[in-house]
Amino acid sequence: MNKDRLPPLEWIRAFEAAARLGSFTAAAEEVGLTQAAVSQRIGQLEQLLGTPLFHRRARAISLTVEGEAWVPHVRLALEGLRDSTEAVFGTSRQRLTLSASQTVIELWLLPRLARLQTLTNAEISVQSMVVGAHDAPQDDVIRIRYGSGNWPHAYRASLYKEEIAPVAAPALVAGAPHWTGLPRIACAGPRPGWHAWAARFGIPTTPLPSLRFDTHLSALGAAKAGLGVFLASLPLCEEALDSGALVRLSTASLPHHETYWMLTSPEGVSRDQWQALTQAITEI
């Protein structure tokens with residue numbers, strides 16, 4: 001390779017996206033090209049550099065030693081280009097779009113939106129995630145999703161450490177011999193339920209839940225209304241516990257390896273905005 005000749009930026013962006021996402025197809029979606037176009041650009045880049053950057057298999061790709069060694073330099077260069085562009089030309093985005101479930105919006109985002117606006121000085125757009133809808137990648141959307149954190153996004157941060165415990169309205173537990181005999185509320189989703197609590201702490205699995213909901217928000221509302229005991233995410237019901245709308249019924253809790261994560265790409269937010277986002281929205 002001629003030392004005075006630099007690879008075209010679009011070839012480098014295609015390489016960085018494919019290296020981060022582990023897929024030419026996913027990289028194509030991110031950079032707005034077809035899979036064939038991404039493959040062609042990476043092939044041209046490899047030809048220019050005189051070495052393969054990926055091992056290509058039937059259904060997977062992986063970086064070669066040379067590709068693995070080059071990735072951090074490419075990312076550092078791209079970040080420097082973005083940061084210098086923002087610093088010189090003021091191209092930092094002035095609008096942030098967040099996509100989350102209604103549960104997260106009402107119980108986590110709303111109490112933090114004022115601080116988020118102050119720290120980012122941006123117009124905030126909040127979108128309710130539709131359960132079961134196709135989650136097509138969009139560079140300019142910051143997503144909040146529940147899981148273990150195993151996403152390919154360059155920017156990702158957990159909102160909080162998940163912790164689950166039984167809660168109920170004070171009026172429901174007043175005068176009850178023990179909360180384990182009260183009606184129970186169940187909720188669909190990835191969090192541990194009553195069987196996991198019973199197995200961990202040796203309480204009866206009965207009474208069976210008399211109410212079941214498909215969102216944590218609805219189940220928490222039912223608990224506030226005095227309709228039963230709910231195994232709630234303690235971070236999400238912190239405001240209700242502080243106000244006395246709910247009381248915690250056990251000092252024990254169930255930890256869980258999954259939680260909500262905030263996810264986006266460098267194309268979605270600037271580095272300064274990402275730092276402001278994590279400062280405003282997470283407990284970190």
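Residue numbers count from 1 along this sequence.
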- Counting only N and O atoms by type, is there a donor-acceptor contact under 3.5 Å from the side chain of S39 to the main-chain atoms of Q35? no

- Message: I'd like to know whether R143 forms a side chain to side chain contact (heavy atoms under 4.5 Å, CB included) with W151, so could you lay out the CA-CA distance, the side-chain angles of the two residues, the decisive distance to 0.1 Å, and finally the verdict.
- Response: CA-CA 11 Å; R143 289 174 171 75; W151 284 283; over 6 Å; no

- Query: Measuring from L119:CG to L277:CG, what's the distance to the nearest 0.5 Å?
  - Reply: 9.0 Å

- pair P192-I164: side-chain heavy atoms closer than 4.5 Å: yes

- Output yes when a side-chain donor or acceptor of S148 lies under 3.5 Å from a complementary backbone atom of E258, and no otherwise. no

- Answer yes or no: is there a side-chain heavy-atom contact under 4.5 Å between F54 and L63? yes

- Query: Do P266 and R271 have side-chain heavy atoms sitting under 4.5 Å apart?
  - Reply: no

- Message: Just to verify, which of E162, R200, R248 counts as forming a side-chain contact (heavy atoms from CB on, under 4.5 Å) with S253?
- Response: R248

- State, yes or no, whether a side-chain contact exists between F15 and W70 at a heavy-atom distance under 4.5 Å. yes

- Steps toward side chain to side chain contact (heavy atoms under 4.5 Å, CB included) verdict (L159, I281): CA-CA 7 Å; L159 267 60; I281 295 180; 4.1 Å; yes

- Item | Over 12 foreign heavy atoms within 6.0 Å of CD, Q47 | no

- Task: Determine, step by step, whether T120 and D272 satisfy the side chain to side chain contact (heavy atoms under 4.5 Å, CB included) criterion, reporting the C-alpha distance in whole Å, the side-chain angles of both residues, the deciding distance to 0.1 Å, and the verdict.
- Result: CA-CA 8 Å; T120 62; D272 288 344; over 6 Å; no

- Test R56 against E46 for salt bridge (Lys or Arg N to Asp or Glu O under 4.0 Å), laying out the working first. CA-CA 13 Å; R56 294 161 173 81; E46 291 173 323; 2.8 Å; yes

- Task: Taking atom CG of N121 as the centre, report whether more than 12 heavy atoms of other residues, nucleotides or ligands fall under 6.0 Å from it.
- Result: no

- What do the steps show when you test R20 against E30 for salt bridge (Lys or Arg N to Asp or Glu O under 4.0 Å), and what is the final call? CA-CA 11 Å; R20 172 165 39 85; E30 179 172 300; 2.5 Å; yes

- Message: Tell me whether the NZ or CZ atom of R112 lies within the 45° cone about the ring axis of W108 and under 6.0 Å from its centre.
- Response: yes

- For D214, does its backbone N or O pair with a side-chain atom of S218 as donor and acceptor, under 3.5 Å? no

- Message: Would a single hydrophobic cluster contain both W197 and L246, if residues Ile, Leu, Val, Met, Phe, Trp and Tyr are joined by side-chain heavy-atom contacts under 4.5 Å?
- Response: no

- Message: Distance check, rounded to the nearest 0.5 Å: L98 atom CG versus M129 atom CE?
- Response: 13.0 Å

- Message: Does H178 have more than 12 heavy atoms from other residues, nucleotides or ligands lying within 6.0 Å of its NE2?
- Response: yes

- Would you check if L96 and Q273 make a side-chain contact, meaning some heavy-atom pair closer than 4.5 Å? yes

- Verdict with reasoning, L172 to L182, per side chain to side chain contact (heavy atoms under 4.5 Å, CB included): CA-CA 8 Å; L172 180 68; L182 294 171; 4.1 Å; yes

- Task: Decide yes or no for S233 and E163: does some side-chain heavy atom of the first lie under 4.5 Å from some side-chain heavy atom of the second?
- Result: no

- Task: Would you check if the side chain of T103 reaches a backbone N or O of L217 as a donor-acceptor pair within less than 3.5 Å?
- Result: yes

- Looking at CZ of R115 and CG of L113, how far apart are the two atoms once the value is rounded to the nearest 0.5 Å? 12.5 Å

- Query: Rounded to the nearest 0.5 Å, what separation is found between the CG atom of L107 and the CD atom of E239?
  - Reply: 8.5 Å

- Below 4.5 Å, heavy atoms only, C-beta onward: do Y260 and S158 meet side chain to side chain? no

- Item | Ring-face cation contact, W194 with R184, 6.0 Å cut, 45° max | yes

- Message: Tell me if a side-chain donor or acceptor on R41 pairs with a main-chain N or O of Q44 at a distance below 3.5 Å.
- Response: no

- One should read off an interatomic distance between I105 CD1 and I144 CD1, to the nearest 0.5 angstrom, of 8.0 Å

- Message: Could you measure the distance from the CG atom of L234 to the CG atom of L241? Nearest 0.5 Å is fine.
- Response: 6.5 Å

- Task: Check whether any side-chain heavy atom of S250 lies under 4.5 Å from a side-chain heavy atom of F201, and answer yes or no.
- Result: no

- Please name the residue in the list V173, L231, V167 that meets the side-chain contact (heavy atoms from CB on, under 4.5 Å) test with L249. V173

- Query: Is the side chain of S128 donor-acceptor paired with the backbone N or O of S101 at a distance under 3.5 Å, no angle test?
  - Reply: no

- Query: Would E106 and Q102 satisfy side-chain hydrogen bond (donor to acceptor under 3.5 Å, both in side chains), going step by step from the backbone distance to the final call?
  - Reply: CA-CA 6 Å; E106 293 200 23; Q102 199 60 35; 3.2 Å; yes

